[in-house]
Visitor: 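My questions all concern the structure below.
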Amino acid sequence: MKQNRKGLLLVVSGPAGVGKGTIDTALIERNPDMKMSISATTRNPRPGEIDGVHYFFKSSEEFERMIENDEFLEYMHVFNTNYYGTPRLFVEEELKSGHDVILEIDVQGAMKIRDSYPDAVLIFIAPPSMSELKARLIGRGTETADAVEKRYATAFDEMRYMDRYDYIVVNNVVDVAVCRVEAIIEAEKCRTVRSEALINRLLGGSEKP
Ligand code: 5GP
């Protein structure tokens with residue numbers, strides 16, 4: 001159903017291996033009105049990744065042209081190699097039409113969104129413990145011990161930003177984590193600051209005592 005209130009902008013971050021993608025996919029499946037923003041990137045597609053589904057894969061020139069045209073809500077440049085960015089138009093249109101939009105972006109991007117969209121709700125997905133996170137990184141089984149150590153160090157660095165988020169959801173059992181994120185969304189929608197239209201409708205009509 002189309003709502004006449006603006007959608008919520010949700011930012012979901014968390015270290016690699018924490019399962020944020022699984023949570024976001026479940027949220028979208030369970031809430032068809034919720035939209036996932038598809039980022040643009042200059043990195044190469046991994047096996048199985050589809051242009052326009054997982055990312056919009058761009059050349060550096062294309063990406064830089066998009067930056068010049070102010071087409072990103074936020075973007076980042078990783079280790080002077082790859083760009084990642086959130087296309088602005090999709091997000092703004094969906095929010096305007098009342099859909100909640102999820103951005104699955106890194107901690108730096110999240111901080112930029114918080115500055116430019118103070119209404120955004122920032123959720124950090126945390127592992128139950130650091131040893132569990134390490135086990136999940138090893139569990140992928142696709143990388144060398146060295147690569148796992150590197151990913152773990154990066155994950156640890158990202159987790160230092162946890163206390164700047166509005167909410168922290170531990171992903172121990174996926175279904176429980178998804179329910180918690182849904183509860184956050186529901187509670188956020190009931191906040192007084194987002195209920196101006198309701199207040200005006202209830203108190204501002206012709207049915208005053
Ligand atoms: P990957 O290359 O593994 O898909 O993603 C690497 C990192 O980039 C992840 O932490 C992911 O959340 C982040 N990321 C993906 N898209 C964006 C984006 O549009 N903006 C920012 N700031 N980070 C992104």
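Note that ligands are numbered from 1 as they come in the structure, with each ligand's atoms numbered from 1 the same way.
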Visitor: Indicate yes or no: does D100 engage K35 in a salt bridge with an N to O separation below 4.0 Å.
Guide: no
Visitor: Which of the listed options, K112, H54, K20, M76, holds the heavy atom that is closest to atom 13 (C) of ligand 1?
Guide: M76
Visitor: Heavy-atom contact under 4.0 Å between Q108 and ligand 1?
Guide: no
Visitor: Just to check, does Y55 reach to within less than 4.0 Å of ligand 1 when the distance is taken from its heavy atoms?
Guide: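 True for this residue.
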Visitor: Using a heavy-atom cut-off of under 4.0 Å, does the side chain or the backbone of M111 touch ligand 1, or both, or neither?
Guide: neither
Visitor: State whether E61 and R65 are salt-bridged, where the test is any N-O pair (Lys NZ or Arg NE/NH1/NH2 against Asp/Glu carboxylate O) under 4.0 Å.
Guide: no
Visitor: Write down the atom of I125, the atom of P15, and the distance for their closest heavy-atom approach.
Guide: O-CD, 3.5 Å
Visitor: In terms of relative ring orientation, are F63 and Y75 parallel, tilted or perpendicular, with 30° and 60° separating the classes?
Guide: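 Answer is perpendicular, since the angle exceeds 60°.
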Visitor: I'd like to know if the side chain of H54 pairs up with that of E49 as donor and acceptor (distance under 3.5 Å, no hydrogens or angles considered).
Guide: no
Visitor: What protein heavy atom is closest to atom 10 (O) of ligand 1, reported as residue, atom name and distance in Å?
Guide: D106 CB, 3.8 Å
Visitor: Students should be able to answer this: which protein heavy-atom is nearest to atom 20 (N) of ligand 1, and at what distance?
Guide: E74 OE2, 2.7 Å
Visitor: Considering heavy atoms of the protein only, find what lies nearest to atom 6 (C) of ligand 1 and give residue, atom and distance to 0.1 Å.
Guide: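 That would be Y84 OH, 3.7 Å.
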